[in-house]
Amino acid sequence: MSYTLEEILRIPALLENLKDFKFDFSKDKSYLFVGCGSSFNLGFIAKTLLNMNGYKADVITSGYVMLFNKIPKSDVAILITRTGETTETVKAAQTIKNFGIKTIGITCAKDSTISKISDESIILDFAEEKSVVMTGSFVLILALLVNGINKYDFSEESKKVLNSSTEVIDKLDLSKYEHFVFLGYDENLGVSKEGALKLQEMALQYVEYHEPLEYRHGPISRLTEKTLVVINSKDNLEEKKLKKDIEKLGATTLEISFQGEIKVPNFNGFEIPLRLIPIQYLGYKKAIQMGYNPDTPRNLSKSVKLE
Ligand code: F1P
């Protein structure tokens, strides 16, 4: 079995370990999430969820911090890097420390540069991954951050979402699609960004992500019968109308929502880690259908190290 598939299928087991970790956000502090690639997307989703729940948070790419040496005003910087070694994130951590801001590193590597540099670290080494592409570790880190606001045991729910994801996606004839669009609002826009990245990284597909109602304002011009549109919906009427319009134009939709083809529970946005499961599996399946090895995608390395 490919590592990527193993790392997706072990998500419920990973989530069970979360009860051993204690991490809480405070409304008295302002947080800054920093990361690259999927780790940036994690920060984007966490920031959105925190803001929606009355917390102060912002997000920035590590590359921006490294290049421009400036950051938004904040009390605590949370540096996310699965491998703990990405050059931009390591350099950003040093810059942020020089500004006198507290740094917390979140990583899945046991001994890494980020945990050496950061003031505090959360090391989730049981979730270390062999694959280049981040899957289960993404869900786990997001669940940890969500639990910093509100406590949820995602393990049981993740089994159900995993089952329905494999059931629904295994029935799709993925050879029909060569263009993948991901739609969603707020935290679901972050999931859509990550979904697009998964299909791009693992399966080398043409991808897009937008807010749902923005899709009619231009991007829809590229829609064909070879397009699969994944709607990360909050079950509102306008999103349902959009789904119908997209289908009328000949494309296929896959709705991830409380009543969609793939169901997630409604935890007022806090269900977000579960929404990653179907899109990660979709990326894996499309890679296999294309004849690619999802464990070692083209031109990518596990962490980017700059000279
Ligand atoms: C960040 C990252 C990955 C991406 C790629 C290159 O890694 O951008 O998200 O899939 O393999 O590196 P990290 O800082 O989280 O280790």
Side-chain angles (χ1 to χ4, degrees), residues 2-8 14 32-47 59-67 77-96 103-118 121-145 180 182 190-205 207 209 273 276 279-284 286-287 292-307:
S2 84
Y3 298 137
T4 308
L5 183 58
E6 266 176 40
E7 289 159 3
I8 295 171
L14 289 184
L32 178 65
F33 293 95
V34 188
C36 294
S38 291
S39 291
F40 170 81
N41 293 344
L42 267 168
F44 179 92
I45 296 170
K47 169 239 181 282
V59 64
I60 195 165
T61 58
S62 313
Y64 190 95
V65 179
M66 185 180 96
L67 281 185
I78 300 182
L79 295 118
I80 306 174
T81 166
R82 175 183 61 155
T83 58
E85 301 297 343
T86 297
T87 304
E88 294 99 310
T89 308
V90 166
K91 291 207 164 170
Q94 198 52 64
T95 302
I96 292 168
T103 50
I104 302 178
I106 302 184
T107 181
C108 298
K110 208 181 200 115
D111 299 304
S112 67
T113 311
I114 202 71
S115 36
K116 284 182 198 120
I117 294 183
S118 304
S121 315
I122 301 177
I123 302 173
L124 306 158
D125 53 338
F126 59 92
E128 193 155 5
E129 290 176 333
K130 288 202 181 88
S131 338
V132 166
V133 172
M134 196 171 181
T135 55
S137 60
F138 190 108
V139 177
L140 178 77
I141 295 173
L142 189 55
L144 172 93
L145 296 171
F180 291 78
F182 293 85
V191 173
S192 300
K193 186 171 187 296
E194 177 64 8
L197 187 65
K198 291 301 95 164
L199 266 292
Q200 193 173 52
E201 285 184 318
M202 280 193 261
L204 312 183
Q205 295 300 295
V207 295
Y209 66 92
L276 272 308
I279 59 168
Q280 292 176 351
Y281 187 67
L282 180 64
Y284 162 78
K286 183 63 188 168
Y292 302 142
N293 180 353
D295 296 341
T296 52
R298 196 172 72 185
N299 300 343
L300 296 180
S301 53
K302 209 168 159 184
S303 72
V304 173
K305 290 192 186 131
L306 306 178
E307 290 289 308

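Side chains included, hydrogens not; waters and symmetry mates left out as well; all remaining heavy atoms used. Count residues from 1 along the sequence. Read the numbers this way: they start at 1 and go in the same order the structure lists the ligands and their atoms.
Each of the atoms 13 (P), 15 (O) of ligand 1 lies under 4.0 Å from some heavy atom of Ser39. Close approach of ligand 1 to Arg82 is summarised as follows: ligand atoms under 4.0 Å from at least one heavy atom of the residue are 13 (P), 15 (O), 16 (O). Close approach of ligand 1 to Ser38 is summarised as follows: ligand atoms under 4.0 Å from at least one heavy atom of the residue are 9 (O).
Within the 3.5 Å criterion, the main-chain N or O of Thr81 finds a donor-acceptor partner in the side chain of Thr107.
Between Ile80 and Ile78 the shortest side-chain heavy-atom distance falls below 4.5 Å. In this structure, the side chains of Ile60 and Val65 come closer than 4.5 Å at one or more pairs of heavy atoms.
Residue-ligand proximity: Ser301 is placed with a non-hydrogen atom under 4.0 Å from ligand 1. Taking 4.0 Å as the cut-off, Val132 counts as a neighbour of ligand 1 on heavy-atom distance.
Between the side chains of Ser38 and Lys198, a donor-acceptor pair is found at a separation under 3.5 Å.
Tyr292 OH: more than 12 foreign heavy atoms inside a 6.0 Å radius. For Phe40, the CZ atom sits in a packed shell: over 12 heavy atoms of surrounding residues, nucleotides or ligands are nearer than 6.0 Å.
Proximity of Leu300 to ligand 1, defined as any heavy-atom pair under 4.0 Å, is not found for any part of the residue.
Shortest contact from atom 4 (C) of ligand 1 to any protein heavy atom: Glu201 OE2, 3.3 Å. Of the protein's non-hydrogen atoms, the one nearest atom 16 (O) of ligand 1 is Thr83 OG1, 2.6 Å. Looking from atom 7 (O) of ligand 1 to the surrounding protein, the closest heavy atom is Thr86 OG1, 3.5 Å. Distance from atom 2 (C) of ligand 1 to its nearest protein heavy atom, with residue and atom name: Cys36 O, 4.1 Å. Looking only at heavy atoms of the protein, atom 12 (O) of ligand 1 is closest to Lys302 O, 3.6 Å.
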- List the steps and the verdict of side-chain hydrogen bond (donor to acceptor under 3.5 Å, both in side chains) for Glu7 and Ser131. CA-CA 8 Å; Glu7 289 159 3; Ser131 338; 2.3 Å; yes
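Between Glu129 and Arg82, at least one side-chain nitrogen of the basic residue sits less than 4.0 Å from a carboxylate oxygen of the acidic one, meeting the salt-bridge criterion.
Ligand 1 has no N or O atom lying under 3.5 Å from any N or O atom of Thr89, backbone or side chain.
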